[in-house]
**Q** 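Quick one: the structure is below, and I'll ask about it shortly.
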Amino acid sequence: MGAGGGAARRRRGTAAGLFGAALLVAGTVLTSGGAYAQPSPPPGGHSAGPSEGEDHDGQGGREGKKGEHGKSGAKTRAGDSPSATPTRRSGVPATPGTGGDGSAARPAPAQGAVLAAAEDGPQAAVPTAQGLQQALAAALADRGLGDVSFAVADAAGGQLLYGSGENAPATPASTTKLATSVAALSLIPGDTRLTTKVVRGAAPGTITLVGGGDPTLTALPTDQVQIGGQPADADTAPASLEALARQTADTLAAAGTTSVKLDYDLSMYAGNPRHRNHDGQNIALVVPLMVDEAKADPKSREDAPSRVNDPALAAAEAFAGLLKARGITVEGGAKPTEAPAAAGAPVLGRVDSPTLDRLVERLLTTSDNQLAEAIARQVALTAHQPASFEGAAAAVAQELARLGVPTGDVVLDDGSGLHPDNLIPPAVLVRLLSLAASERHPALRPVLTGLPVAGFTGTLGRRYGSASGAAAAAGLIRAKTGTLSGVNTLAGTVVDADGRLLAFAVMTRTPATVPVDTVRAAMDRIAARLATCGCH
């Protein structure tokens, strides 16, 4: 069948069906945090989700707002990681009510309808190199792309179908998060939670707040918690600092204690906490204790909000304030511990994060740099590497190699993609996506379900609009975005017109004078062309 034939077969799948087919057998959430209602599209466009604000390196201008295992191969269990806990969860806020900006909402497609069209996908014909070349030639010739390399693969088997410069290392920007997420889900059980706890301190009258590597721990009241502009649900609601303070105060009061000294333990992480591209907005210091990702204003909707200078101290002071509100006086100021808290110290309170599955979806949908670096350190801890930038990068690369990913040309310096020296070839990105789609790796499915949906969620929420030339593909493409100065990337999945799930990666480098929106629209048109052809 030629690129223009088979119209009857192509009309078989509805837009909702194609949108959901990219989930394959993943009967989980449709977006980061569940199948919540999406805002109705504004006139002439799509839903007004968050703009793409990830990956900004602080060196160039931004559109809109500021910002963007073991060697043996045996899977280490959660008990080997200091922060890993079973699925029991305490102190989780109740699901908030529907709040928001008052805009009308529409429900996401029901699971049955979403998955129906996926059934025929694996049996659909695989595109040919010649067909893909013919279909993509015009879109790839767009001068707005600058220097471009790309790869297209059959997601079901990982077979590379077509590409140009597909094996050449390129700056991945935030598509680095695909590598971090695949390594984490491969190495760590998906039901693992990150624990923040309070224990009896070494000195009499002292209690210790122990950082567990959960940057999503929140000091906000339940009804004010949002993720990507949407109310959190029962699965995604972060652990509550107030709940931790309540538990601790109740335990102390039961023992007749009304006054304590407070210190905090940051021993989980190692190395310099300052990212090379630290700007106090896209990322804060990477430490194992913080609240609301160290935002100066925890309710900020900015893509790159101002961050506090000392996230751990700010978290400890917030905790002290919550204890005081419950009748427990904290003497003096909070300070870091001189030594790690004793392993057997009595626990006064504890709260647990959402599961790793949900955290990975969140970091991919919203391109969360702070959370990505935290998850990368969990990979390092589980792989018995130092929980530093260097240890995390080495652990991620090691796990990818164990999975059979060709890592010879891969360079990783962080887990988020903010580092400009990271290098990943397009072929490796499509390999990561194909692993997540493989029936042999069901644990990796949150990598697919966490990808932003074109025109609807996360960093693709304001793309694929009426002026992009790719509007017809809105809802049909799920992809991770990446942006640094002069660098734009897009890697994800698309269901072609015959129902075949494809993985693609487009990586560009352009002069700083080329508007970023021009580059993104050109990349979006490439993915959109894949959605409309059978390419045989």
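Source: prediction; values computed, not measured.
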**Q** Check whether any side-chain N or O of T171 sits under 3.5 Å from a backbone N or O of A173 as a donor-acceptor pair, and report yes or no.
**A**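 Side chain of T171 to backbone of A173, a donor-acceptor pair under 3.5 Å: no, none is there.
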
**Q** Under 3.5 Å, side chain of T176 to main-chain N/O of P172, donor-acceptor pair present?
**A**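 Side chain of T176 to backbone of P172: no pair is present.
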
**Q** Hey, does L363 have a side-chain heavy atom less than 4.5 Å from the side chain of I375?
**A**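 Yes, side chains in contact.
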
**Q** Would you say the side-chain atoms of S367 and S174 include a donor-acceptor pair closer than 3.5 Å?
**A**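 Looking only at side-chain atoms, S174 and S367 do form a donor-acceptor pair, the distance falling under 3.5 Å.
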
**Q** State, with a plain yes or no, whether a side-chain heavy atom of L432 is found less than 4.5 Å away from one of L444.
**A**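 Not touching, per the 4.5 Å side-chain cut-off.
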
**Q** Kindly indicate whether the side chain of L490, heavy atoms from C-beta on, has any atom under 4.5 Å from the side chain of F504.
**A**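 Yes, side chains in contact.
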
**Q** Quick one: does V428's side chain get under 4.5 Å of T407's, heavy atoms only?
**A**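 Contact flag for V428/T407 side chains = no.
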
**Q** I'd like to know if the side chain of E373 and the backbone of S416 have a donor-acceptor N/O pair within less than 3.5 Å.
**A**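 Checking the backbone N and O of S416 against the side chain of E373, a donor-acceptor pair under 3.5 Å is found.
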
**Q** Below 4.0 angstrom, N of the basic side chain to O of the carboxylate: do D147 and R509 qualify?
**A**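 R509 and D147: not salt-bridged.
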
**Q** What I want to check is whether the side chains of R520 and T483 have a donor and an acceptor closer together than 3.5 Å.
**A**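 Result is yes, a qualifying pair exists.
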
**Q** Looking at D421 and R276, is any side-chain nitrogen of the basic one under 4.0 Å from a carboxylate oxygen of the acidic one?
**A**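 Result for this pair is yes, salt bridge flagged.
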
**Q** Report yes if the side chains of P169 and I424 come closer than 4.5 Å at any heavy-atom pair, otherwise no.
**A**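 Side-chain contact under 4.5 Å: no.
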
**Q** Charged N to carboxylate O under 4.0 angstrom, R362 versus E293?
**A**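 Yes, charged N to carboxylate O under 4.0 Å.
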
**Q** Should I283 and R307 count as side-chain neighbours, where that means a heavy-atom distance under 4.5 Å?
**A**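 Counting from C-beta outward, I283 and R307 never come under 4.5 Å.
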
**Q** For H275, check side-chain hydrogen bond (donor to acceptor under 3.5 Å, both in side chains) against everything at least two apart and list the hits.
**A**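 D414.
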
**Q** Has T128 got a side-chain atom pairing as donor or acceptor with G131's backbone, closer than 3.5 angstrom?
**A**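 Checked: pair present.
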
